[in-house]
Amino acid sequence: MKRENFSEWFNQILEKAGILDIRYPVKGLYVWLPYGMKIRECVIKIIKEILENHGHEEVLFPLLIPEDFLRKESEHIRGFEEQVYWVTRGGSKELNVKLALRPTSETAIYPIVSLWIKSHKDLPLKIYQIVNVFRYETKHTRPLIRLREITTFKEAHTFHRTFEEAEAQVKEAIEIYKKFFDRIAIPYLINKRPDWDKFPGAIYTIAFDTIFPDGKSLQIATIHNLGQNFSKPFNIKYEKVDGNFEYVYQTCYGISDRVIASIIAIHGDDRGLILLPEISPYQIVIIPIIYKESRQKVLNKAWKIYNLLKEKYKIYIDLREDETPGSKFYYWEMKGIPIRIEIGPRDVDEGVVTIFRRDKMERIKVRDEDLENTLKDMMNDIYKNLRERAWKFLEENVVRIFRIEDIREGYINEISLCGKDSCGRYIEEKTGLRVLGEAIEKKEDGYCLVCKERTDKIYRVAKSY
RNA sequence: GGGGCCGUAGGGUAGCCUGGUGAUCCUGCCGGCUUGGGGUGCCGGUGACCCAGGUUCAAAUCCUGGCGGCCCCA
C-alpha cells in the first residue's frame, strides 16, 4: 500500500493515526488533531534546542505585513507576488494600507531589526521564530507537503558584519540542519539550487532534499545567503570600529511542516506510523491482558511496571476493558508507539514481561529484573535501525548516470553538469524532471552531459514534489 | 500552465449511463449479552445523496456555476 499507492496511504495514515483532519473545507488548510500536536511538539522541542545551542534567540513577529514593507526588495516581491493573501478590509472599511498575510517573514522582521542594530557590537544577531505562513498555492495542495497555511515555519534570520561571516553562518546552518535531521533519522542530500530556483532575493540557496517512498524528492529545508540584498532596501546598517557605516550581511533558513510529512512517509509502514522514541508522544504503552480470574494479579504487575518506568519514559497504560488485546495492538501500532509491553497471566506466573518493538515487529520475553536494561538498549537500537533503514533507502535510490537518455524518474539521478543555466534548463526540458542543484559535498571529474565541457561538478536531477 | 476523473452516513462503497421501489453493502458509533495472548461473536439501534441555480409532473441520477478532492502531461 505504501509502495503501490503512496498518496492514498499517506492520507489514510494522517486520519487513522490521528494526526490531521483533512476535511477542513478550504483548499490547502488542515486541522491538527491532539496526537498530531503531540508529535509536532516533540519535533519543535528538538529544533528549538539545537537553534538555542547555536546562539539563536526566539522572537515573534506579527502575521500581517504592510504592503510597502513587502514591496521593498524587488526580486523578493516578484517571487512571491502571486502567492500572497491580502487583508484589504477592516470590518466594512477599506484599509488605506493593504496588509499581507506573511508568505515568509523577511519583510516583517528586517525593518524592525534595522532599528535594533547600531554598532558592530550588536553583531552577529541570530534570531528565529516558529510561526504559520500563508501561500496561495495554485498547484494541487497536499497535507503537510504543499500547504496554503504552513503551520510551523521554523525560520531563522541572522545578521553579520562581513560577507565571510555570513558564509560561515551558512555553513553553521548546514551543520544545524544535519544535526536536526540526524536526530529524527531523516536522510538527506544537500544541494545548491540552480540560479533560477533560488529564494527570491537571495544570492544563492542551499537545500536539503530527501526522497519519498514513491521515488520523488522532497525539499525539507532551505538555507539562503542574502548578502546585502535586503539590508540595502531595508537600511540595516551598523557602525564599524573605524566609524564608517556599512550594510549588514544576512542569511536566513527555514524548515516547514514537511518535517512531519517526512517522519510519517519515510519511517511508516502499512500498519501505520513508526515513531522514534524521541518524537513519540508515548515511548512505551503497557497493555494488560485481562482475564476474569487473573484480573487483579495482572493489573498489579502492570501498575508496578508502570511506576517503575514512569520517571524514565513517556509511558501510557491502556486499561480499556471494552477493547480486546488484539484490537489494542493494532491501535497502538497505527500510532507508531516504539515499544509495547504486554502483561498477561502467563507473564506474571513466569516472572517475565512480553516486549514488542514496532519498527521490527518483533516480540520477546524478558525477565522482570532485565527489563530496564533491555528497554534502554532497545530504545537506542530502534533509533539506529530506523536511521539505517532510511539512509539505505535513500542510497539505493540515488543513481550515477552518464547519458541523458538514462536519466530515470523515481530516482535521484547524479550527473556531471558544468553549471551553466542553459545546460541545466536543457536537462529539465529534455527529461521533464527537476534539477535539484549541485551536490555541495561531492565532486567527480567528468564532462558536462549537455555542452561536454570539463567539470568536476555533480548535479542531482529528480522528479520532485 | 494544459488535460482528464470524481464528490452518496464518521470512513470506504452500490445505485447515475437509460430520471420514478423504503438509497446498497462493509466499517465505525450507541445499547445489551458474549468474548478477551493479534481486529470475538450475536441481537438491537444511529447515521448520507457537497452548495446554488436550471430542465422536468418527478433529480443522487441530466445541464450550468461555485466549493472541495484525485490523476496525468509540460
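Per chain, numbering begins at 1; letters A, B, ... match sequence-line order. Just so we're clear, the structure is a prediction, and the values are computed from it rather than from any experiment.
- Side-chain atoms of A:K292 lie closest to B:U35 of the nucleotides B:U35, B:C70, B:G37.
- A distance of about 15 Å separates the C1' atoms of B:C50 and B:U61, rounded to the whole Å.
- In summary, the side chains of A:T354 and A:R346 do not present any donor paired with an acceptor at a separation below 3.5 Å, with no hydrogens or angles considered.
- A cation-pi arrangement is present between A:R363 and A:F329, with the terminal nitrogen or guanidinium carbon under 6.0 Å from the aromatic centre and inside a 45° cone about the axis.
- Among the atoms of the strands shown, base atoms are found under 4.0 Å from some heavy atom of A:R340.
- Side-chain N/O atoms of A:T324 include none lying less than 4.0 angstrom from OP1 or OP2 on B:G39.
- Proximity note for A:I289 (side chain, C-beta onward) versus B:G37, B:G11, B:C71: the nearest is B:G37.
- Stacking between A:F329 and the base of B:G38 is absent under the criterion of ring centres within 5.5 Å and planes under 30 degrees.
- Contact annotation for A:T354: base contact, defined as any heavy-atom pair under 4.0 Å involving a base atom.
- For A:E333 and B:G38, a side-chain-to-base donor-acceptor distance below 3.5 Å is present, hydrogens and geometry of angles not being considered.
- Between B:G66 and B:G7, the distance separating the two C1' atoms is 13 Å to the nearest Å.
- A donor-acceptor contact under 3.5 Å links the side chain of A:R363 to the base of B:G38.
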